[in-house]
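When a ligand or atom number is given, it counts from 1 through the structure's own listing order.
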Amino acid sequence: MKRVMNVLPKDLVEQCKKRMEPYNCEGFVYGRGPEKPEIMIVGEAPGETEIHNGIPFSGRAGKVLNEFFDYLDISRDDIYFTSTVRSRPYKIVPKKAGPNGEVIQKKYNRAPNMKEQIAHAPIVDYEIRHIKPKQIVTLGNIGLQRLLGKDYKISEVHGQLIQAPVRQLKNMDINEWELSEQEYSIFPTFHPASIFYNRSLLEKVYEDLDELKKILLSKK
Ligand code: URA
């Protein structure tokens with residue numbers, strides 16, 4: 001299988017980085033994986049670990065995701081990883097630290113806002129067109145709504161196979177989107193990080209994975 005580390009044209013990345021300058025976002029993590037993968041993962045945005053080592057889903061959420069892949073009996077090598085936003089959106093929160101209680105400014109992850117998602121949209125559009133995934137798996141509401149729009153809610157559609165065109169950005173200046181000509185096979189499930197805040201989601205995720213297993217088998 002052909003390994004693709006970076007399919008993105010340089011100017012597309014440079015333009016995206018430029019558009020991100022006004023926002024509290026740092027780093028840029030490239031997508032990673034083969035062409036025509038068994039699965040393309042569409043996540044939310046990288047965190048601190050990912051922006052330091054450049055490897056998508058290599059932090060805490062990635063470890064949980066690895067357990068999902070083990071359950072599916074699929075290797076990370078057969079998966080292409082991308083995210084709605086490729087930089088780490090952060091907020092600065094003052095925090096008392098040290099024995100003298102001095103205040104430091106600490107960065108925390110936050111969900112990407114719509115402007116940030118739009119700034120990165122041409123990247124995800126390009127990847128879907130060129131990587132040609134056999135199956136897209138979106139994680140959480142951000143990835144799901146990036147591809148299918150706000151009418152889709154993860155709590156309602158997780159674990160269901162959706163055969164549909166995906167949203168592609170038509171005009172960035174007026175936030176205009178169009179639907180792809182091609183239909184894709186999209187399977188939404190919860191973001192692995194959501195399990196840290198709500199353990200009961202884990203059971204639902206494994207039910208979704210059972211469904212996904214059947215879908216992947218039927219494609220072999
Ligand atoms: N969450 C994402 O959506 N992407 C990463 O790379 C890590 C966490």
Side-chain angles (χ1 to χ4, degrees), residues 3-8 13 16-17 20 23-34 37 39-70 72 74-91 107-128 131 133 135-148 152-155 157-158 166-167 186-199 201-202 205 208-209 212:
R3 309 298 310 160
V4 181
M5 295 303 285
N6 171 28
V7 288
L8 297 176
V13 175
C16 175
K17 286 184 180 170
M20 291 306 284
Y23 307 117
N24 271 353
C25 284
E26 58 182 353
F28 188 96
V29 179
Y30 286 87
R32 191 179 261 247
I39 293 178
M40 173 188 266
I41 293 284
V42 180
E44 183 174 308
E48 195 180 1
T49 308
E50 288 84 6
I51 58 150
H52 283 120
N53 65 18
I55 304 171
F57 284 101
S58 51
R60 204 169 153 221
K63 304 244 169 345
V64 178
L65 199 55
N66 287 346
E67 290 171 18
F68 299 168
F69 300 144
D70 287 346
L72 291 171
I74 185 163
S75 156
R76 258 184 96 108
D77 290 349
D78 296 323
I79 298 169
Y80 187 92
F81 295 86
T82 186
S83 289
T84 306
V85 164
R86 314 303 288 274
S87 306
R88 176 198 183 199
Y90 64 85
K91 57 185 173 201
K107 284 180 184 172
Y108 289 91
N109 293 345
R110 61 171 170 81
N113 63 36
M114 191 45 70
K115 286 191 175 155
E116 291 158 352
Q117 293 182 40
I118 291 168
H120 283 257
I123 303 233
V124 178
D125 290 345
Y126 185 95
E127 283 175 311
I128 292 180
I131 292 293
Q135 177 66 56
I136 296 176
V137 174
T138 59
L139 301 177
N141 264 324
I142 300 267
L144 169 67
Q145 294 178 355
R146 163 63 180 82
L147 297 190
L148 294 176
Y152 288 79
K153 309 262 183 311
I154 191 65
S155 53
V157 299
H158 71 94
V166 295
R167 291 164 77 240
I186 300 155
F187 186 88
T189 192
F190 295 95
H191 195 287
S194 59
I195 289 150
F196 304 143
Y197 312 105
N198 183 355
R199 269 322 274 183
L201 290 179
L202 195 57
V205 171
D208 293 354
L209 295 179
L212 182 56

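Taking the ring axis of Y23 as reference, the NZ or CZ atom of K115 does not stay both within 45° of it and closer than 6.0 Å to the ring centre. Relative to the ring axis of F57, R32 does not place its NZ or CZ within 45° and under 6.0 Å from the centre.
Of the protein's heavy atoms, E44 N, 2.5 Å lies nearest to atom 3 (O) of ligand 1. Summary of contacts: the protein heavy atom closest to atom 4 (N) of ligand 1 is S83 OG, 3.1 Å. Nearest to atom 7 (C) of ligand 1 among the protein's heavy atoms is E50 OE2, 3.2 Å. Distance from atom 6 (O) of ligand 1 to its nearest protein heavy atom, with residue and atom name: F57 N, 2.9 Å.
With respect to the salt-bridge test (charged N to carboxylate O, under 4.0 angstrom), the residues D125 and R146 qualify.
Atoms of ligand 1 lying under 4.0 Å from at least one heavy atom of H191, given by number and element, are 1 (N), 2 (C), 3 (O). Atoms of ligand 1 found under 4.0 Å from any heavy atom of G43, numbered from 1 in the order shown, are 3 (O).
Residues V29 and I51 have side chains in contact (heavy-atom distance under 4.5 Å, counting atoms from C-beta outward). The shortest side-chain heavy-atom distance between Y80 and E127 falls under the 4.5 Å cut-off.
If you look at A45 next to ligand 1, the close heavy atoms, those under 4.0 Å, all belong to the backbone.
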Report all side-chain donor-acceptor pairs from residues 116-124 shorter than 3.5 Å, counting only partners two or more places apart or in another chain.
unit_1: E116; atom_1: OE1; unit_2: R110; atom_2: NH1; d: 3.0
unit_1: E116; atom_1: OE1; unit_2: N113; atom_2: N; d: 2.9
unit_1: E116; atom_1: OE2; unit_2: R110; atom_2: NH1; d: 3.4
unit_1: E116; atom_1: OE2; unit_2: R110; atom_2: NH2; d: 2.8
unit_1: Q117; atom_1: NE2; unit_2: P112; atom_2: O; d: 3.2
unit_1: H120; atom_1: ND1; unit_2: R86; atom_2: N; d: 3.0

